[in-house]
**Student:** 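Below are the structure tokens for one structure; questions will follow.
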Amino acid sequence: MDPNTVLFLLITLRSAFPEPIKRKFPENFRFGTATASYQVEGGWNEDGKGENIWDYYTHTYPDRIANQANGDIACNSYHKYLEDIVMLKDLGVHFYRFSLSWSRILPEGHTGKINQAGVDYYKNVIRALKQNGIEPYVTLYHWDLPQPLQEKGGWPNTDLMVDLFADYARLAFSLFGDQVKNWMTFNEAKQTCQLGYGYGVFAPGVQSNGIDSYKCAHTVIKAHAKAYHIYDEEFRASQKGRVSMVVDTDWFEPASDSDRDRKAAERKIQFNFGWYANPIYHPDGNYPQVMIDRVAKRSKKEGFEKSRLPEFTPEEIDYIKGTFDFFSLNTYTANMVKWSDDFPIGYVSYDGDISVVTYQDPSWNSSASSWLKVVPWGTRKLINWVDKTYNHPEIVITENGFSDDGELDDEGRIVYYQEYLSNILEAILEDGVNVTGYTAWSLMDNFEWLGGYTEKFGLYQVDFDDENRTRTPKKSADFYKKVVATRCLVDQCEN
Ligand SMILES: *[C@@H]1O[C@H](CO)[C@@H](O)[C@H](O)[C@H]1NC(C)=O
Ligand SMILES: *[C@@H]1O[C@H](CO)[C@@H](O)[C@H](O)[C@H]1NC(C)=O
Ligand SMILES: *[C@@H]1O[C@H](CO)[C@@H](O)[C@H](O)[C@H]1NC(C)=O
């Protein structure tokens, strides 16, 4: 081959596979990994734990889950948490993000009945983490509502749920807050509200798209704010921790440079992300104006008495805005967005309210999850957008990761982490965005909701056919361990 051809090939290869940046993450940057209670714990009815909506949903509608799987045993972390902590210690991570199972602590959902065995379990987990120098990052709600509360209407029942969540949050702060300094109230509430009460594919399976899904969000946002104020007023002075709410989004890239596609992409991210992020994180508070206007207009045309999107009073807007100590962001992928004329009236739904067309570019690398394509540059654009839109907050990436079939030689996951982290580092060093932490989803393969055990996100493999649920490190665990230890994404960094 002549040298020019070789050079051309090298350049082409280089732009097709951009190299990770060779500089180090800042000294104070924090690396962690995450799981969630229903996805890993098992022990679904042990030692006084109550039933939650995922227990009920997977037992009542097994056909809705791949291979009729459920979280009855999952990774059995209820019994094997010490093994999990050995893994975390080996990875060398600074923190472990996990969630509390509300019904393990409060079997009926309210503080009238506390399950001491559940409290002890989390005290043991937290103590073992601290003894190993790992900071607990605790999520109060990662989708597993106590079933008795669903039977009273669940999240769309605003009056009931705001107070019950606040009671649960206060109890958690008082029980665990001497050791836990980083709290997340809700994880990705959009999945709870839109998938659980809109499309009805997640527990509790309620189909009320663009009606109950909006009420659910309204409740969650108010409940978060109330929990934040409780922390502020009753715990912050003595516990000196931080409270946040995790909001998730894909990046939305306009399909073309046209004004219409750019407007469509902005509208999509406002509905998808601003819906939850604006009331809390935006200096003006409240839902995005485009969402208020469009839902009101369509509701009226559809014959509703008032907008399907509930309203915050001016007092509520003030009470909710600013209820965060850092920005918790989950992100995995990107979508292209094209302008569309308004979807027909009568099609009452969140999607009709947005009225845009999204798709993923067929050239993007795939994962084992249909929605998850590998688009590392999208994350750099997203964190820049968050930085600009929300007035330069401190951002912690509270989830990011890749699914495959669970193989130990998981090159796809290594490439994913390397490229996403590289884009995040470029956003920090070149764009001046204040990202201070990163969380790899997930510590180990686990119950992936409707996907059951068919979409594996772990740094550790779990053998779900073995009653011991044996854990084995994948190649990516070695990769991540090295990144955490060296703060460098390649063999040798320049600084
Ligand atoms: C796509 O996958 C190939 C093969 O694993 C990999 O070499 C390449 O870097 C990936 N591209 C992106 C953008 O992740
Ligand atoms: C990032 O946020 C932290 C916490 O608020 C702050 O101490 C730090 O100065 C910020 N850094 C930059 C570069 O803005
Ligand atoms: C499970 O673990 C126990 C105790 O370590 C061991 O004796 C047993 O052989 C293991 N079972 C399997 C199937 O690996």
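Counting convention: from 1, in listed order, for ligands and their atoms alike.
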**Student:** Counting only heavy atoms, which portion of Glu419 has something under 4.0 Å from ligand 1: side chain, backbone, both, or neither?
**Tutor:**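 The part of Glu419 near ligand 1 is the side chain, not the backbone.
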
**Student:** Any salt bridge linking Asp466 with Arg469? Criterion: basic side-chain nitrogen under 4.0 Å from a carboxylate oxygen.
**Tutor:**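 A salt bridge is absent here (no side-chain N lies under 4.0 Å from a carboxylate O).
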
**Student:** What atoms of ligand 1 come closer than 4.0 angstrom to any heavy atom of Val374?
**Tutor:**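 Under 4.0 Å from Val374, ligand 1 has these atoms: 14 (O).
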
**Student:** Do the rings of Tyr420 and Tyr416 sit parallel, tilted or perpendicular, given the 30° and 60° boundaries?
**Tutor:**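 It falls in the parallel class, under 30°.
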
**Student:** May I ask you to list the atoms of ligand 1 that are less than 4.0 angstrom from any heavy atom of Val415?
**Tutor:**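 Within the 4.0 Å cut-off of Val415, ligand 1 contributes 9 (O), 14 (O).
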
**Student:** What is the closest protein heavy atom to atom 2 (O) of ligand 2, and at what distance does it sit?
**Tutor:**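 Result for atom 2 (O) of ligand 2: Asn434 ND2, 2.3 Å.
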
**Student:** Restricting to non-hydrogen atoms, name the atom on Trp102 and the atom on Leu164 that form the minimum distance, rounded to 0.1 Å.
**Tutor:**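 The pair with the smallest heavy-atom distance is CZ2-O, 4.0 Å.
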
**Student:** Hey, are Ser442 and Thr35 close enough side-chain-wise for a donor-acceptor pair under 3.5 Å?
**Tutor:**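 No, no side-chain donor-acceptor contact under 3.5 Å.
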
**Student:** Taking the side chain as everything from C-beta on, heavy atoms only, tell me whether Thr323 gets closer than 4.5 Å to His224.
**Tutor:**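 With C-beta onward as the side chain, the pair touches.
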
**Student:** Applying side chain to side chain contact (heavy atoms under 4.5 Å, CB included) between Thr219 and each of Trp155, Tyr214, Phe165, report the one that passes.
**Tutor:**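 Result for side chain to side chain contact (heavy atoms under 4.5 Å, CB included) with Thr219: Trp155.
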
**Student:** Which ligand 1 atoms does Asn365 reach within 4.0 Å, using its non-hydrogen atoms?
**Tutor:**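 With Asn365 as reference, the close atoms of ligand 1 come out as 1 (C), 2 (O), 3 (C), 8 (C), 10 (C), 11 (N), 12 (C), 14 (O).
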
**Student:** Nearest protein heavy atom to atom 9 (O) of ligand 2: under 4.0 Å?
**Tutor:**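 Protein heavy atoms within 4.0 Å of atom 9 (O) of ligand 2 - there are none.
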
**Student:** Around atom 4 (C) of ligand 2, find the nearest protein heavy atom and jot down its residue, atom name and distance.
**Tutor:**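 That would be Glu394 OE1, 3.1 Å.
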
